[in-house]
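Hydrogens, waters and symmetry mates play no part in the numbers below; they use all other heavy atoms, side chains included. Because the structure is predicted, anything quoted here is derived from the model rather than measured.
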Amino acid sequence: MNMATDLTKISPLTELLQRQRASYLAAPNPDYAIRKERLIRLKAALLKFQQPLVEALSQDYGHRSVDDSLISDIMPVVNNINYSLKNLKKWLKPSRRHAGILLAPAQVKVHYQPLGVIGIIVPWNFPVMLSIGPLVTAIAAGNHAMLKLSEFTPATNSVIKQLLAEVFEESHVAVVEGEADVAAQFSALPFDHLLFTGSTTVGRHVMRAAANNLTPVTLELGGKSPVIIAPDMPLEIAVERMIYGKCLNAGQICVAPDYVLCPKAKVAEFIQAYQTKFQAMYGAISHNKDYGSIINARQFERLLTVLEDAKAKGAKVISASNDAIDSQHRKLATQLITDTTEDMLLMQEEIFGPLLPVIGYDSLDEAISYVNHRARPLALYVMSFDEASQQKILKQTHSGGVCINETVFHVAADDAPFGGIGPSGMGHYHGKEGFLTFSHAKTVLSRGRFNTGKFVHPPYGTFIQRMLMKLFLR
């Protein structure tokens with residue numbers, strides 16, 4: 001089976017969607033056994049291709065840690081499949097609801113029905129987890145799917161196509177490749193649901209295109225996810241808990257810590273603690289196999305431009321490592337940045353890389369206010385062992401998700417929803433919420449032979465109708 005579909009015109013994409021929809025309608029509600037068998041086969045293929053995937057990811061990046069790829073791209077998908085297999089039968093069972101005395105005797109149940117054909121637009125930063133991960137949920141919910149893969153990960157895309165071709169016909173799961181124009185055409189297709197993972201800017205275009213077809217969307221965006229270090233938190237522990245989230249995939253993560261709010265008197269101490277921990281974890285980054293490269297020259301130059309803009313406007317930059325910038329291998333140690341101002345590019349857009357502003361505050365209220373006066377982030381990280389401080393931040397801030405004394409790992413919680421709020425996204429997937437996102441909850445009311453509905457038929461004003469009015473309108 002050849003699953004590659006490199007298209008530059010809308011007509012072939014439309015034809016592909018039509019074939020998918022026809023295939024779906026031929027068997028619109030696969031039973032538990034069929035869905036289970038598909039998930040088992042997908043897991044087997046993923047395990048079979050894990051080494052080629054790891055190698056392809058490193059090829060696309062120039063260098064990517066084997067362990068980073070296994071931990072962040074492949075293992076979460078395997079866990080997702082295992083979790084879905086364990087819970088799918090329970091999810092599929094219609095849920096019984098209370099009909100109420102007005103409708104009695106009647107039975108009300110909610111059935112969970114596949115939506116049809118799901119569109120999935122995949123970013124370049126975790127091309128396995130963010131393609132096959134949503135696909136797992138779509139398959140568990142009984143759907144067909146079309147995946148638009150990133151043009152920046154061609155080697156990984158090639159392996160993904162081989163992997164999926166071993167499990168699915170193109171009429172069931174199809175892969176689309178191409179540049180931004182193809183992505184725009186893809187998002188304008190009349191899918192039954194569209195999932196987009198990427199930047200807030202592009203997310204607005206995707207939602208606008210989907211609106212023309214009234215296609216429901218789930219947007220997994222990003223934004224500037226803060227770390228609030230409360231006054232009680234020992235800085236060495238705070239750094240230990242957050243540094244992995246900033247260094248994983250060289251910070252190219254939608255939920256990576258974007259900036260740190262630290263008690264003003266402890267900023268210098270925080271920077272020293274971060275440098276010490278970074279050098280213990282990675283040392284010299286140039287030839288370190290555990291520290292990844294920036295995906296391509298375009299993103300590397302973008303980060304350097306942001307860094308130079310901050311310097312030119314008065315920021316102080318301190319490298320976490322002696323060999324701060326390796327242009328040959330596109331490696332960049334965490335750059336700790338102080339004395340930031342709002343006119344810096346650094347503070348206006350999601351960083352998506354190893355630059356880390358450190359902002360001092362005088363009180364926890366000031367830190368909370370700083371977060372609340374900016375766009376709501378995808379994640380918020382609280383560093384504190386003081387329960388009162390934890391609860392204060394939780395209750396007074398909005399974010400897609402929260403970690404207390406940890407970063408990024410909440411994304412790996414299989415039994416919990418993941419999603420943004422406001423500019424950081426809308427809707428949820430992962431876990432049961434993902435199954436519900438890709439399903440239609442269809443209410444089914446059924447009556448037997450005895451029909452109480454006739455008591456409200458015209459002519460109005462009968463004794464029974466008057467009694468019903470008195471009973472329920474009070």
- Assign the ring pair F278 / Y274 to parallel, tilted or perpendicular, where the plane angle (0 to 90°) is split at 30° and 60°. parallel
- Query: Should the pair Y381 and H410 be assigned to parallel (<30°), tilted (30 to 60°) or perpendicular (>60°) ring geometry?
  - Reply: perpendicular
- Task: Compare all side-chain heavy atoms of F418 with those of E433 and state whether any distance is below 4.5 angstrom.
- Result: no
Exam field: side chain [X] to backbone [Y], donor-acceptor pair closer than 3.5 Å:
X	Y	result
D73	V128	yes
K313	D343	yes
R241	N405	yes
S439	F435	yes
S187	A184	yes
D192	I118	no
R330	I294	yes
N125	Q252	yes
N80	D414	no
S424	R376	yes

In plain terms, say whether [X] and [Y] are close enough for a salt bridge, that is, a side-chain N and a carboxylate O under 4.0 Å apart.
X	Y	value
E308	K311	yes
K289	D67	no
E177	K148	no
K331	D326	no
D362	K264	yes
K48	E166	yes

- Message: Set out, in order, the CA-CA distance, both residues' side-chain angles and the distance that settles salt bridge (Lys or Arg N to Asp or Glu O under 4.0 Å) for D365 and K392, then state yes or no.
- Response: CA-CA 9 Å; D365 286 332; K392 183 182 181 71; 2.9 Å; yes
- M242/I237 under side chain to side chain contact (heavy atoms under 4.5 Å, CB included): CA gap, chis, key distance, verdict: CA-CA 9 Å; M242 66 155 286; I237 298 177; over 6 Å; no
- Task: Using the ring of Y370 (Phe, Tyr or Trp, six-membered ring only), decide whether R374 places NZ or CZ under 6.0 Å from its centre and within 45 degrees of its axis.
- Result: yes
- Message: In this structure, is the centre-to-centre distance between the rings of Y429 and F438 below 6.0 Å?
- Response: no
